[in-house]
Amino acid sequence: MLRIRRFEQQALKYYNQGIMGGFLHLYNGQESVAVGTASLMNGHDEIITAYRDHGHALAVGMGMNECMAELFGKGTGCSKGKGGSMHFFAPDKHYWGGHGIVAGQTPLGLGLAFAIKYKQINGCAVAFLGDGAVNQGVFSECLNMAALWDLPIVYVIENNGYSMGTSLERSSAVNGSLAKRAEGFCVEWATCGGFDLYELRANLGAAMERARKESKPMVLEVSTYRYYGHSVADANAKKYRAPEEIELYKTDYDPITRWQNQLLKEKTVTQAQIEKIDDEAKAEAAAAAEFGIASPWPSEESIFEDIYHEVDHKTEAGQTGRFFFSE
Amino acid sequence: MPLITYRQALNDAFAEELTRDENVFLMGEEVAQYNGAYKVTEGLWKRFGCKRVIDTPISEAAFLGLGVGAAMMGLRPVVELMFWSFAYVGFDQIINNAGCIRYMSGGLINVPMVIRGPANGGTNVGATHSHTPENFLANTPGLKVVCPATPYDAKGLMIASIRDNDTVCFMENTLLYGDLGEVPDGSYTIPLGVADVKREGLDVSLIAHGRAVLTCLAAAEILATEHGIEAEVVDLRSIRPLDEETILNSVAKTHRAVLVDENKPFCGVSAQIAALLAEHAFDDLDAPVLRVTALDAPAIYSMPLEKLQLPDAQAVVAKVLSSF
């Protein structure tokens with residue numbers, strides 16, 4: 001969690017200097033959700049998320065260098081500078097990326113679950129979405145199909161209370177919880193807090209295990225909070241919510257501080273060890289930023305690479321843009 | 001070679017590929033137990049079972065997206081749209097996801113999927129069921145767009161599309177499903193991006209895709225018998241990749257081009273080819289490049305007027321004669 005936070009704080013520094021372009025949707029305050037999930041993945045589980053994807057990427061083991069370089073748009077980035085902040089991917093780590101269209105990733109998650117079931121793999125798919133995404137029609141379609149076909153998927157709603165700059169109360173018809181909407185599709189649902197890692201892991205773990213064992217979908221709504229605006233470009237972040245509210249979450253509900261306190265209470269770690277971990281995270285993030293800045297821009301030729309599979313595979317056919325079979 | 005329908009040729013292609021590769025599955029509205037709205041998938045559910053041939057709810061965005069997700073994981077979905085007109089409900093999944101993920105992931109992720117179904121007007125079903133969105137789709141680098149005109153091409157191109165590692169938008173035509181043609185038994189492929197000269201000629205090139213190819217062949221027959229004009233008919237077969245070489249070679253030979261397109265003229269496929277000829281064949285041309293397209297209006301329901309909207313052989317003949 002500390003690595004994610006320090007990574008994003010470094011990114012913010014350079015974004016504010018105008019060195020980094022695009023959008024930057026920070027995950028600060030929500031780190032427990034990605035880390036909790038990644039810690040429960042069994043090697044056959046697949047995860048996919050939306051545009052606030054830095055946390056999930058680092059949690060599954062992507063390197064800070066490749067992620068930071070991607071933010072700088074460099075050729076050494078995880079997507080060779082073609083994806084940017086919202087589009088980190090690592091299929092080798094069962095991580096199917098960040099996706100920029102709200103709820104557009106929810107049917108892709110369904111496809112991951114479908115493939116798991118089709119291939120008879122002992123795993124499940126976890127698809128993250130925000131509280132704003134539940135209002136997109138495609139998510140409702142997904143719940144219907146997930147229930148209809150008994151697909152092993154856990155939809156995790158990371159409810160941070162704001163759909164871009166519009167509060168939950170003003171953006172969603174809420175009857176107790178957002179996850180409760182799943183009832184209409186005969187999908188199991190639950191809610192839990194995202195601030196206490198143990199509580200969160202218990203709920204996530206139960207949902208993922210049920211998906212794996214029974215091949216059933218579930219919607220888990222996690223209450224969480226983001227410290228920055230929807231994106232860094234969101235200048236009104238302190239206007240549509242009270243500054244006191246932000247401070248309250250930072251002081252009383254911060255998932256990192258809470259977990260640190262828990263570990264200290266258990267005597268699992270010492271204060272000195274915590275500080276050492278934090279120093280290492282800061283140093284790693286600073287080095288990643290240096291790596292990103294020092295990395296070269298992608299080559300001009302790369303504009304036309306990664307569009308079509310066979311064009312990138314240097315066969316005679318590929319070079320003419322045509323696909324011939326080797327059979 | 002056996003004489004079979006366009007519909008049966010596609011059905012054969014699915015059966016071949018379902019047998020060959022267990023990662024291939026078919027999905028769509030009423031493709032399984034109902035046997036397909038246009039009977040293109042008839043009998044496949046019975047033969048391959050409900051794991052491989054799957055009925056979906058009416059949820060284009062969800063099942064197109066599911067196809068993308070499954071393809072990312074190495075399966076090879078063949079997803080039917082009952083009409084390509086319904087693709088618009090799932091365009092986010094086709095354009096933003098299927099079309100862009102390979103690029104945005106720096107080549108880490110392939111989406112080997114076929115999205116297929118009929119795309120055509122001329123069936124008297126009004127504007128919302130008559131769209132032919134090949135121009136929109138071809139405008140997305142990352143997608144391939146295929147439009148077969150004959151049963152032989154339909155089978156070979158479908159097998160090639162299923163084996164392709166990118167997303168192929170495969171556009172059929174309800175008015176062709178019953179057409180007969182010679183199709184060999186067994187498996188064969190036609191590479192995507194290779195046009196076919198359906199009729200040789202020296203006087204004018206008629207360039208078309210999909211059902212318009214048949215319109216051009218009919219027009220060429222009239223031109224030859226009634227006017228002594230030998231038209232060459234170039235069937236594009238795929239819009240993207242586009243076989244520019246065959247188009248340019250034909251026009252270099254005939255020195256005249258008439259582009260025939262059942263889509264609208266504005267920003268349509270014919271506009272793309274006109275631009276190609278303007279850039280690369282200007283010196284070869286003895287006459288302006290002419291177009292015969294659908295009239296630039298939404299498809300009208302009323303039968304005689306819809307007939308006027310779509311290009312027919314007489315319109316092509318008239319246009320050719322005007323270029324001499």
Side-chain angles (χ1 to χ4, degrees), chain A residues 46 48 70 77-84 86-92 96-97 99-101 103-116 118-119 125 136-142 144-145 148-149 151 302 304-310 312-313 317 320-325 327, chain B residues 22-23 25 27 51-52 54 56-75 77 89-90 92-93 96-97 99-112 141-144 159-160 163-166 187 189 191-194 240-245:
Chain A
E46 311 290 340
I48 188 164
E70 187 61 31
C78 54
S79 300
K80 302 183 191 164
K82 290 173 173 171
M86 298 185 284
H87 306 292
F88 291 0
F89 300 87
D92 60 324
W96 297 94
H99 295 265
I101 304 293
Q105 80 284 7
T106 58
L108 302 192
L110 205 60
L112 302 177
F114 178 90
I116 287 168
Y118 192 97
K119 296 178 173 184
Q136 290 277 24
V138 68
F139 178 55
S140 298
E141 295 182 26
C142 288
N144 179 55
M145 284 174 67
L148 199 61
W149 295 354
L151 295 179
S302 75
F304 295 107
E305 291 165 0
D306 306 315
I307 301 173
Y308 293 105
H309 177 272
E310 85 271 17
D312 298 331
H313 293 76
T320 60
R322 296 174 181 179
F323 186 38
F324 296 96
F325 298 99
E327 63 193 15
Chain B
E22 63 177 22
N23 289 322
F25 68 94
M27 169 177 284
K51 183 184 175 186
R52 312 287 304 284
I54 305 163
T56 66
I58 304 170
S59 300
E60 279 81 7
F63 68 70
L64 284 164
L66 187 154
V68 176
M72 296 191 316
M73 288 271 286
L75 300 185
V89 180
D92 173 46
Q93 297 303 323
N96 281 318
N97 286 339
C100 296
I101 282 177
R102 178 160 223 282
Y103 199 68
M104 292 201 304
S105 68
L108 288 173
I109 297 171
N110 294 318
V111 184
L143 296 177
K144 294 178 177 174
I159 293 177
R163 294 181 192 178
D164 198 281
N165 287 321
D166 294 305
S187 201
T189 59
L192 311 188
V194 180
R240 188 153 192 166
L242 183 68
D243 185 350
E244 299 183 347
E245 197 182 319

- [ ] Heavy-atom pairs under 4.5 Å with chain B are the metric here; pick the option from A:K80, A:E70, A:Q105 that has the most.
- [x] A:K80

Open item on the list: Among A:C142, A:G137, A:P91, which residue has the highest count of heavy-atom pairs closer than 4.5 Å to chain B?
Closed with: A:P91

TODO: Compare all side-chain heavy atoms of A:P107 with those of B:V68 and state whether any distance is below 4.5 angstrom.
DONE: no

TODO: Flag the one option from A:D92, A:V138, A:L151 with the top tally of heavy-atom pairs under 4.5 Å to chain B.
DONE: A:V138

Task: B:F25 six-ring face occupied by B:K51 cation (under 6.0 Å, within 45°) - done: no

Open item on the list: Between B:Y103 and A:D306 (side chain of the first, backbone of the second, donor and acceptor by atom type, cut-off under 3.5 Å), is there such a pair?
Closed with: no

TODO: Below 4.5 Å from any heavy atom of chain B, which atoms of A:T106 appear? Answer side chain, backbone, both or neither.
DONE: neither

- [ ] In sequence, state the C-alpha distance, the side-chain angles, and the governing distance for B:Q93 and A:L108, and then conclude on side chain to side chain contact (heavy atoms under 4.5 Å, CB included).
- [x] CA-CA 9 Å; B:Q93 297 303 323; A:L108 302 192; 3.6 Å; yes

Open item on the list: As an exercise: rank B:G90, B:A61, B:G99 by heavy-atom pairs under 4.5 Å with chain A and give me the winner.
Closed with: B:A61

Open item on the list: For the interface with chain B, which of A:F114, A:Y118, A:F88, A:F139 has the highest count of heavy-atom pairs at distances below 4.5 Å?
Closed with: A:Y118

Task: Heavy-atom contact with chain A under 4.5 Å, split by part of B:I54 - done: side chain

Task: A:E310 and B:K144 ion-paired at < 4.0 Å - done: yes

Task: Interchain contact, A:L112 with chain B, by part (heavy-atom threshold 4.5 Å) - done: both

Task: Least distance between heavy atoms, B:M72 atom then B:V111 atom - done: CG-CG2, 4.3 Å

